[in-house]
J.: 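Below are the structure tokens for one structure; questions will follow.
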Number of protein chains: 2
Amino acid sequence: MKIGELARAAQCTVDTVRYYEREGLLPAPSRTDSNYRQYGPAHVERLRFIRNCRALDMAHEEIRALLQYSDQAGSDCSGVNALVDEHIAHVDVRIRELEQLRGDLIALRARCAHDSDVGSCGILQELSHRETDGRPPKHTHLG
Amino acid sequence: MKIGELARAAQCTVDTVRYYEREGLLPAPSRTDSNYRQYGPAHVERLRFIRNCRALDMAHEEIRALLQYSDQAGSDCSGVNALVDEHIAHVDVRIRELEQLRGDLIALRARCAHDSDVGSCGILQELSHRETDGRPPKHTHLG
DNA sequence: TTAAAACCTTGGAGCAACTACAGGGTCAAG
DNA sequence: CTTGACCCTGTAGTTGCTCCAAGGTTTTAA
């Protein structure tokens with residue numbers, strides 16, 4: 001099959017397929033005489049694997065690790081389990097962060113219940129005058 | 001004050017300050033004879049405003065809008081309130097998404113309770129064989 | 001048969017919000 | 001007079017794509 005068909009089979013764009021090839025996630029396929037990429041069922045399976053991982057918000061580095069485990073026939077899958085557990089932990093951390101953020105925003109919003117003049121708006125005042133808290137470094141690849 | 005002092009006052013790096021200037025968030029200051037940037041208290045306030053917004057995960061575009069409202073003395077602040085409300089809604093959406101994701105990941109993880117061979121690992125099987133769900137487009141700038 | 005439509009190719013730029021250099025200039029202390 | 005701590009500009013890298021441009025090929029329909 002050609003690249004368009006492969007892309008449709010995995011619900012993504014041809015640009016994305018070519019990008020994965022450049023990134024080394026998807027192996028480069030053989031070419032036709034006219035230099036078109038030619039894919040088989042194994043490529044569909046691999047691409048679906050990648051897209052399923054992405055749907056779970058895994059980073060390319062995590063996917064690369066999973067693919068490596070999966071390519072090492074015979075070894076045990078404890079690494080896979082550990083990786084998924086860590087990824088769940090990332091998601092948990094991000095949920096906590098966003099819940100904290102939500103609380104901060106609600107509190108900020110409450111500083112200006114009525115539509116007043118910008119000069120006396122409690123929101124703008126707080127944003128201008130509050131001490132900056134040093135931003136914590138990211139713990140996860142989730143934004 | 002020089003750029004390093006300003007950066008310390010707002011808990012960020014000098015690179016970030018220069019970046020905000022390039023982006024038009026922070027006005028370009030005057031320069032000394034030796035071409036050093038020279039800042040005053042108004043710059044500290046503005047930079048703190050920006051950093052406080054960033055601490056609340058607002059995008060530069062949102063911050064730019066807030067700064068514009070705030071620079072229009074005399075107008076009412078309903079735009080500010082609306083923007084904050086929308087931002088809270090973005091955060092809510094992202095929390096829901098991550099909670100859904102968390103559920104999916106827990107379910108996936110349950111497919112391989114025991115450390116087995118990679119060939120029979122339920123996680124890898126599911127990732128390979130599940131139909132790909134078309135990824136929904138992003139609703140927010142929050143990752 | 002031929003012309004248009006629908007594919008495919010490579011290469012490069014753009015997004016967001018920085019971060020991290022390289023390769024220089026300036027300034028205060030010892 | 002030299003060392004170290006600053007400052008300057010400009011450029012490239014990060015992540016996971018997306019969107020061109022400028023061409024070549026294949027399929028379809030008139």
Side-chain angles (χ1 to χ4, degrees), chain A residues 1-26 28-39 43 47 50-65 87 90 94 132 134-143, chain B residues 1-26 28-39 43 47 50-65 87 90 94 132 134-143:
Chain A
M1 55 173 50
K2 287 187 285 183
I3 196 169
E5 203 182 337
L6 173 67
R8 271 189 302 275
Q11 303 260 57
C12 68
T13 69
V14 303
D15 274 339
T16 299
V17 175
R18 284 192 282 249
Y19 172 65
Y20 289 161
E21 182 182 322
R22 278 199 303 283
E23 287 295 290
L25 287 175
L26 199 61
S30 57
R31 300 285 185 126
T32 66
D33 289 351
S34 54
N35 200 33
Y36 285 14
R37 288 172 179 81
Q38 225 173 357
Y39 296 98
H43 289 99
L47 182 54
I50 297 167
R51 293 306 290 173
N52 282 326
C53 289
R54 290 292 302 132
L56 296 168
D57 255 352
M58 289 182 196
H60 284 189
E61 211 182 311
E62 293 175 296
I63 300 172
R64 225 182 298 273
H87 186 55
H90 292 164
R94 187 56 180 154
T132 309
R135 297 206 54 178
K138 281 213 223 189
H139 320 288
T140 82
H141 62 273
L142 304 161
Chain B
M1 52 173 48
K2 287 187 284 180
I3 197 170
E5 203 183 336
L6 174 68
R8 271 190 301 277
Q11 303 261 56
C12 69
T13 69
V14 304
D15 275 340
T16 299
V17 175
R18 283 193 282 249
Y19 173 64
Y20 289 160
E21 183 181 322
R22 278 200 303 283
E23 287 294 290
L25 287 176
L26 198 62
S30 58
R31 301 284 184 127
T32 66
D33 289 351
S34 54
N35 200 33
Y36 285 13
R37 287 170 181 83
Q38 224 173 358
Y39 296 99
H43 288 100
L47 182 55
I50 297 167
R51 293 307 288 173
N52 281 326
C53 289
R54 290 293 302 131
L56 296 168
D57 255 351
M58 289 181 196
H60 283 189
E61 212 182 310
E62 293 175 295
I63 300 172
R64 226 183 297 273
H87 186 56
H90 292 164
R94 187 56 180 153
T132 308
R135 299 207 51 178
K138 281 217 227 186
H139 320 288
T140 82
H141 62 273
L142 304 160

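Lettering of chains follows the sequences in order, A, B, ..., and the numbering in each one begins at 1.
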J.: Run the salt bridge (charged side-chain N to carboxylate O under 4.0 Å, His left out) check on B:Arg51 and B:Asp57 step by step: do they pass?
T.: CA-CA 10 Å; B:Arg51 293 307 288 173; B:Asp57 255 351; over 6 Å; no

J.: Give me the one residue out of A:Ile50, A:Leu6, A:Val17 that meets side chain to side chain contact (heavy atoms under 4.5 Å, CB included) with A:Cys12.
T.: A:Val17

J.: Nearest to the side chain of B:Thr16, heavy atoms from C-beta on, is which of C:dA17, C:dT19, D:dC17?
T.: C:dT19

J.: For A:Glu61 and B:Glu5, find the nucleotide of DNA chain D closest to each by heavy atoms; which residue's nucleotide sits nearer the 5' end?
T.: B:Glu5

J.: Across the strands shown, which category fits B:His141 at heavy-atom distances under 4.0 angstrom: base, sugar-phosphate, nothing?
T.: nothing

J.: Nearest to the side chain of B:Arg18 - D:dC8, C:dC18, C:dC8?
T.: D:dC8

J.: Please report the interatomic distance OG1(A:Thr13) to CZ(A:Arg8), rounded to the nearest 0.5 Å.
T.: 12.0 Å

J.: Please tell me if A:Arg51 has a side-chain N or O lying less than 4.0 Å from either OP1 or OP2 of D:dC17.
T.: yes

J.: Quick one: A:Asp57 CG to D:dC17 C1', roughly how many Å, whole number?
T.: 13 Å

J.: Sort me out a list of protein N/O and nucleotides 21-24 of chain D N/O pairs below 3.5 Å, or just none if empty.
T.:
residue, atom, partner, partner atom, Å
D:dG24, N2, A:Tyr36, OH, 2.8

J.: B:Arg31 side chain N/O closer than 4.0 Å to the phosphate oxygens (OP1, OP2) of D:dT9?
T.: yes

J.: Determine the contact category for B:Asn35: base if any of its heavy atoms lies under 4.0 Å from a base atom, sugar-phosphate if only primed atoms, P, OP1 or OP2 are that close, otherwise nothing.
T.: sugar-phosphate

J.: Rounded to the nearest 0.5 Å, what separation is found between the CG atom of A:Asn52 and the OG1 atom of B:Thr132?
T.: 4.5 Å

J.: Could you tell me the separation between the CE atom of A:Met58 and the CZ atom of A:Arg64, rounded to the nearest 0.5 Å?
T.: 14.5 Å

J.: Nearest of C:dT19, D:dT18, D:dC8 to any side-chain atom of A:Arg22?
T.: D:dT18

J.: Among D:dC17, C:dT19, C:dC8, which is the nearest nucleotide to the side chain of A:Lys2?
T.: C:dC8

J.: If each of B:Tyr39 and A:Ser34 is mapped to the nucleotide of DNA chain D with the nearest heavy atom, which maps nearer the 5' terminus, i.e. the 5' end?
T.: B:Tyr39

J.: Note down the inter-axis angle between the two ends of the helix from C:dT1-D:dA30 to C:dG30-D:dC1, five pairs each, to the nearest 10°.
T.: 20°

J.: Any heavy-atom pair between the side chains of B:Glu21 and B:Arg37 that's under 4.5 Å?
T.: yes

J.: Taking only the side-chain heavy atoms of B:Val14 (C-beta and beyond), determine which of C:dC18, D:dC17, D:dC7 contains the nearest atom.
T.: D:dC7

J.: For this output row, return yes or no: ring centroids of B:Tyr19 and B:His60 closer than 6.0 angstrom.
T.: yes

